[in-house]
K.L.:
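Right, I'll just put the structure down here and ask away after.
Computed from heavy atoms alone, side chains included, the values below leave out hydrogens, waters and symmetry copies. Proteins come first, then strands; the chains are lettered A, B, ... in the order of their sequence lines, and each starts at number 1.
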Number of protein chains: 2
Amino acid sequence: MMETFPGKRRPTGLDAGGRIGMAERAATIKDVAAAAGVGIATVSRVFSGTGAVAAGTRERVLAAAADLGYRPSALGRGLRTARSGGIGLIVPDVTDPFCAELTAGVLACARTLGGHVVVDAAHGDPAREAEILDRLVEQRVDGIIAVPAGDESGWRGAARVCPRLVFADRALPGLPEVPAVLADDAGGVRALVEYLAGLGHRRIAYLGAAAPGATPGVRERAFRDAHAPAGLVLDEDLVVPARPARDAAYAAAAGLLQRRDDVTAVLAAGHLLGEAAVLVARELDLRVPADVSIAMVDDVAWAELCDPPLTAVARPARDMGYRACELLLRDRARRGPAGPVLLPTELVVRGSCGALRSARPGGRPSGRSRPHAETIR
Amino acid sequence: MMETFPGKRRPTGLDAGGRIGMAERAATIKDVAAAAGVGIATVSRVFSGTGAVAAGTRERVLAAAADLGYRPSALGRGLRTARSGGIGLIVPDVTDPFCAELTAGVLACARTLGGHVVVDAAHGDPAREAEILDRLVEQRVDGIIAVPAGDESGWRGAARVCPRLVFADRALPGLPEVPAVLADDAGGVRALVEYLAGLGHRRIAYLGAAAPGATPGVRERAFRDAHAPAGLVLDEDLVVPARPARDAAYAAAAGLLQRRDDVTAVLAAGHLLGEAAVLVARELDLRVPADVSIAMVDDVAWAELCDPPLTAVARPARDMGYRACELLLRDRARRGPAGPVLLPTELVVRGSCGALRSARPGGRPSGRSRPHAETIR
DNA sequence: CCTTTCGATGGAAACGTTTCCATCTTGCCG
DNA sequence: CGGCAAGATGGAAACGTTTCCATCGAAAGG
């Protein structure tokens, strides 16, 4: 059992100076079999859990393996079983709190199902998205979860190559056959509009993300559609799009708030837009919510730290990731035309939206001396 | 239904009929070779870029490959070359802004070097850390970047098994042989203490992360050490540790601020602690910075959104990730005792720290009516 | 006591690559 | 005009696993 490793120690010659410990070469199943005095098939059976192995034999194998520091190679196994146990996750940006939360959900689910996750960020670039996808396919991941950046044609081709594909957060209208896990953004926006309307606001501005191409803006449509039922009339001039970047968002918010001083409430369709709104309001010396109310979609951590804390629509990012992963890995069998999974959102009311005094139905006070309007919480 | 997805129809690989159309089964190098009328070695040479191939042959191979939708399998290649091209990243929490930023850096670097990244979160649990590590080794990643959670003994064993290991953000004192990329936290904390002392603060509290076991607290030591040079005397009662979790941080901050109303400044050793300090201050109706100044380590996004914006020490998280990855993948050759890479931090002064009126050198005003102290920016 | 059956085990063939080595063309130089 | 070098190419052996299949032994049933 002592028998040192035979031949071939440093295939590539790298790493010339000895490494920290020993580990001449990683032990293989063959080494373990030899050390335990059994066949490799038996070792495989012990580790893969398949088939029957006598208790005594199993112990011997385990002991030998532990002794040699043996770890089965996922490469060998993957090659044989045509299954890597990995799943790919493509998000726009790992730094984005929403994406990060979604990622956490995916990780949690993958963990329970015994898989690993290969993450990459496409930064909204379709070319980069395609490239990442390519790499993932090459890695033979078992499935891919993507928050697609709107380039429909790219994904159409992808859907054919992909082992399994699930969209999260956004779906592509042209690809209804790809399962998707979405938040009920429309419901969230509607709730927000209703809430603001209920506070007396009549001129609500919408700061929205200008989708690069495809997405027709579920949120924007919801914003529009919510007007009539709430007794509001839509002012097209108050629907302002912005590229999903900090500078663009800031510019859009600044433009809006400077151009229209009759706006009493801003609905930001994302945390980046919300951030911009808060910053611009501060820059313009507008008090929140006295001078202008602000609310946004995405209840990120800083919403609570703001002063005043920001009213927001919470979307279950983590759950979405979890569900997407589950959809990918678990339900291999049933495939209904079930349509996308829609997860509920929740309106979290904080202090950033004030009631409008009915005495002055339209318009925001011009001076700074106006007393605080009633705030919730 | 048409059975939309190509979900592996022939588990045993029989592939009965001729597969002319699209990918019944993923095309292999053999298929391409046959289609192009060449040997598999030639196909391999075309795709791996090694060896010489006649221009005409190359074209034929490429055409055949494109036709068949061939993607070389990373599993086969990895098995043969004993190199997966993947790197593992273990962070405490992907949701944490710092970790997310670090991850982004790793992704960026891996991308340029043509590798993929397997991410997982250990949530400060050594057992989980070990488990993740195990999986990564099993995946045969080429290297691992970890933000270790302090369990030294666990990592000691790991360092032996690991292909290559680099620590980021934290190093383990017992494992000096593991390369590390760190931020100059000590310098940051020192700068913060000096800054606060310069504003006239004499009783500065330290809200620090209580490392579960090992880490002796570089930041805490720096905090202590900075006192004398700044002409301050350390009050042990003002050094309060907290587990790195929201509730614990909040409890610690609340305890501190309620117990000691003579504290005029709080130095939070992390953004979670900073968050807690801000929240508690608000809860206790303490005005920032009039009643208490707050500053923290880690310049996360919300620091600027706070009211007032928070003074913070910025640490180059993204760079750290990038450098760590570089260290892992690039410099296979030179291994000096170079010691950890130390990246500089930067003090970002915002409005959360006020100058203390010399008229009332010690102690924070008890009432709320005190006028604002001078604020910077 | 013989036969049947079943559990435990080992051998060997795949899985899809890369790469060594041998073979076959050429083109070139002497 | 012959031999040789060099370029192009194909065959085949590994890489580390799983799994089919065959073998062997023993227990159980007759």
K.L.:
Can you tell me which residue among B:T112, B:V106, B:L102 is in a side-chain contact (heavy atoms from CB on, under 4.5 Å) with B:Y322?
P.N.:
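Result for side-chain contact (heavy atoms from CB on, under 4.5 Å) with B:Y322: B:T112.
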K.L.:
Using whole Å, what does the distance between atom C1' of nucleotide D:dG10 and atom NZ of B:K30 come to?
P.N.:
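The answer, rounded to whole Å, is 14 Å.
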K.L.:
With DNA chain D as reference, determine whether B:V43 or A:T50 sits nearer its 5' end, using the nearest nucleotide of each.
P.N.:
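That would be B:V43.
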K.L.:
How would you label the contact of A:G49 with the nucleic acid (heavy atoms, under 4.0 Å): base, sugar-phosphate, or nothing?
P.N.:
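Nothing, no heavy atom under 4.0 Å.
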K.L.:
Given C:dT9, D:dT17, D:dG10, which nucleotide is nearest the side-chain atoms of B:R45?
P.N.:
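Closest of the options to the side chain of B:R45: D:dG10.
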K.L.:
With a 4.0 Å cutoff (strictly under), does any side-chain N or O of B:T57 reach OP1 or OP2 of D:dT9?
P.N.:
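Affirmative; the distance criterion is met.
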K.L.:
Before accepting this row, confirm whether a basic side-chain N of the pair A:D134/B:R71 lies closer than 4.0 Å to the acidic partner's carboxylate O.
P.N.:
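Looking at A:D134 and B:R71, the cut-off is met.
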K.L.:
Could you tell me which non-hydrogen atom of B:S84 sits nearest to which non-hydrogen atom of B:V141, and how far apart they are?
P.N.:
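Taking every non-hydrogen atom into account, OG-CA, 3.5 Å.
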K.L.:
Does B:G76 reach a base, just sugar-phosphate, or nothing at all? Heavy atoms under 4.0 Å.
P.N.:
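Base contact.
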K.L.:
How would you label the contact of A:R71 with the nucleic acid (heavy atoms, under 4.0 Å): base, sugar-phosphate, or nothing?
P.N.:
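Here A:R71 touches the backbone only, sparing every base.
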K.L.:
Crowded around B:E131 CD? As in, over 12 foreign heavy atoms under 6.0 Å?
P.N.:
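Enclosed.
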K.L.:
With the side chain of A:L79 defined as its heavy atoms from C-beta on, choose the nearest nucleotide among C:dT19, C:dG10, C:dC15.
P.N.:
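Output: C:dC15.
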K.L.:
Is B:T81 close enough to C:dT18 that one of its side-chain N or O atoms is under 4.0 Å from OP1 or OP2 there?
P.N.:
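For B:T81, the contact criterion (side-chain N or O under 4.0 Å from OP1 or OP2 of C:dT18) is not met.
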K.L.:
Between A:R140 (CZ) and C:dC15 (P), how many Å, whole number?
P.N.:
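Distance, rounded to whole Å: 14 Å.
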K.L.:
What integer distance in Å separates B:L75:CG from D:dT18:P?
P.N.:
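My rounded result for the distance is 13 Å.
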K.L.:
Rounded to the nearest Å, what distance is computed from the CZ atom of residue A:F47 to the C1' atom of nucleotide D:dG16?
P.N.:
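After rounding, the reported distance stands at 13 Å.
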K.L.:
So which nucleotide from C:dT17, C:dT9, D:dA8 ends up closest to the side chain of A:V53?
P.N.:
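Closest nucleotide among those given: C:dT9.
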K.L.:
NA contact type, A:S48, heavy-atom cut-off 4.0 Å: base, sugar-phosphate, or nothing?
P.N.:
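If one applies the 4.0 Å heavy-atom cut-off, A:S48 turns out to touch the sugar-phosphate alone, with no base involved.
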K.L.:
Out of D:dT9, D:dA8, C:dT9, which nucleotide sits closest to the side chain of B:T42?
P.N.:
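Looking only at side-chain atoms, B:T42 lies closest to D:dT9.
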K.L.:
Can you establish whether the number of heavy atoms outside A:R323 located under 6.0 Å from its atom CZ is more than 12?
P.N.:
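Not more than 12 within 6.0 Å, no.
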K.L.:
Round to the nearest Å and state the distance from B:R80 atom CZ to D:dA12 atom P.
P.N.:
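Whole-Å distance recorded here is 16 Å.
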K.L.:
Does B:S44 put a side-chain nitrogen or oxygen below 4.0 Å from OP1 or OP2 of C:dT17?
P.N.:
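So the side-chain polar atoms of B:S44 never come under 4.0 Å of the phosphate oxygens OP1 or OP2 of C:dT17.
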K.L.:
Nearest whole Å is fine: how far is C:dC15 C1' from B:D31 CG?
P.N.:
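That distance rounds to 13 Å.
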K.L.:
Can you spot which of A:V119, A:V117, A:L107 makes a side-chain contact (heavy atoms from CB on, under 4.5 Å) with B:V94?
P.N.:
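The residue from A:V119, A:V117, A:L107 that satisfies side-chain contact (heavy atoms from CB on, under 4.5 Å) with B:V94 turns out to be A:L107.
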K.L.:
Using a 4.0 Å heavy-atom cut-off across all strands, classify A:A54 as base, sugar-phosphate, or nothing.
P.N.:
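Sugar-phosphate only.
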K.L.:
Students often get this wrong, so: under 4.0 angstrom with heavy atoms, is B:I29 touching a base, only sugar-phosphate, or nothing?
P.N.:
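Since a base atom lies under 4.0 Å of B:I29, the category is base.
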K.L.:
Rounded to the Å, how far apart are B:I40 CD1 and D:dG11 C1'?
P.N.:
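About 8 Å, once rounded to whole Å.
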K.L.:
B:R83 CZ to D:dG16 P: how many Å, rounded?
P.N.:
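Between P of D:dG16 and CZ of B:R83: 14 Å.
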